[in-house]
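Beneath this line is the structure, given in structure tokens, with notes to follow.
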Amino acid sequence: MKKILVTGGCGYIGAHTIVDLLENGFQVISVDNNSRSKPNILDGVEKITGIKVKNYTVDLCVFDDTHAVFQENPDIAGIIHFAAYKAVGESVEKPLMYFENNLLSLINIMRCAETFQVPHFVFSSSCTVYGNPDSIPVTEETITKEAESPYGSTKQMGEHIVRQTVSSNKVQSILLRYFNPVGAHPSNMIGEIPLGRPANLVPAITQTAIGKLPQMQVFGNDYPTRDGSCLRDFIHVCDIAHAHTLALNYLIEKRNASNCEVFNLGTGNGYTVLEVIDAFEKVSGEKLNYQIGGRRTGDVIAIYANNEKARQVLGWNPKYDLQDMMRTAWNWEKKLKQEEDIFKRTDARLN
Ligand code: WQD
């Protein structure tokens with residue numbers, strides 16, 4: 001049973017990927033300093049899989065602590081590197097924090113991969129590397145333009161670091177460019193837990209619908225799209241997760257054509273913000289309280305993926321549609337509310 005190290009394993013995509021890896025015969029350890037996540041998400045992973053995953057509470061920006069994890073686990077057969085800050089707006093306000101955290105952690109993990117001769121490395125990249133594309137859908141060959149945010153720049157630089165490092169060592173790597181990951185595991189045992197006010201569209205929708213937020217803003221309806229709101233390729237987090245298992249098996253089975261390949265992970269369908277809101281209202285039966293506001297700085301107007309390469313080369317076949325994404329996201333939000341209400345009632349009884 002091959003052991004995979006998942007950095008950021010307590011995060012949204014990390015935890016869903018750990019479930020998929022475990023269900024496909026891998027052994028997993030997580031490294032996550034929980035600065036942007038909670039370790040109890042791994043309890044949810046255990047409820048789904050029956051497997052308790054160990055998390056090393058380590059800051060990957062500290063080389064010695066990162067190195068110690070590899071010394072304790074000399075049998076690591078592959079690394080999936082999720083750990084990074086990812087709030088586009090925050091990155092605009094604090095660029096150096098983003099460059100230091102996202103790039104130093106990557107450099108340290110790659111140094112350890114080299115030192116301990118870990119053969120396989122999967123990097124969590126993003127469609128933000130394309131910037132504002134001149135034509136859509138984008139393929140992996142679409143020229144990447146100036147990133148719209150420091151977050152996007154860290155993903156562009158991260159891809160260069162991986163690509164140029166593996167050309168000199170034995171590590172075989174894959175760069176996975178996620179489009180917009182949304183939704184929750186159908187078991188409703190794990191899902192997205194935004195810290196503070198959500199920046200992303202779908203948690204903003206579900207938190208508004210459940211009453212955590214009084215109202216949400218649609219950031220602009222004067223874009224050159226079919227209804228004026230931005231267009232994105234929303235992809236279910238479980239489809240994203242399964243692509244990582246397929247990517248690892250692709251490398252393990254030595255089917256890779258080079259030591260650094262790139263894949264788009266999107267459904268190949270674009271939906272506008274207003275269409276997503278409409279889909280949510282139909283699935284949930286809730287009327288969403290939103291208003292049209294001004295544009296958000298750094299927003300890409302329209303992007304969606306050509307995903308033929310991942311389909312044909314990795315055998316990836318995304319199976320969740322927009323309705324599934326809205327349904328699982330809404331179920332998860334309702335569960336979070338139930339747990340919060342139970343906590344409040346218990347707290348009230350004890351005080
Ligand atoms: C989507 C659309 C907003 C909130 C994300 C991640 C990034 C990367 C790519 C992985 C935009 C609009 C949002 C709200 C709104 N993923 N919106 N009201 O900006 O495409 O980037 O996917 O690496 O990490 O951040 O996603 O969900 O923030 O925004 O109108 O309250 O929804 O303007 O048009 P984005 P998002």
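Whatever order the structure lists ligands and atoms in, that order sets their numbers, starting from 1.
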Looking at [X] and [Y], does any basic side-chain N land under 4.0 Å from a carboxylate oxygen?
X      : Y      : result
Glu90  : Arg36  : yes
Asp341 : Arg345 : no
Arg327 : Asp324 : yes

| query | Is there a donor-acceptor contact under 3.5 Å from the side chain of Thr225 to the main chain of Leu231? | reply | no
| task | Could you tell me whether Phe26 and His244 have their ring centroids closer than 6.0 angstrom? | result | no
| message | Show me, by chain and number, every protein residue that has a heavy-atom distance under 4.0 Å to ligand 1. | response | Lys86, Val88, Ser126, Tyr151, Phe179, Asn180, Ala199, Asn200, Leu201, Ala204, Met216, Gln217, Val218, Phe219, Cys230, Arg232, Val273, Arg296, Asp299
| remark: Residues at least two apart in sequence or cross-chain that pass side-chain contact (heavy atoms from CB on, under 4.5 Å) with Val88, listed by chain then number, are Ser149, Tyr151
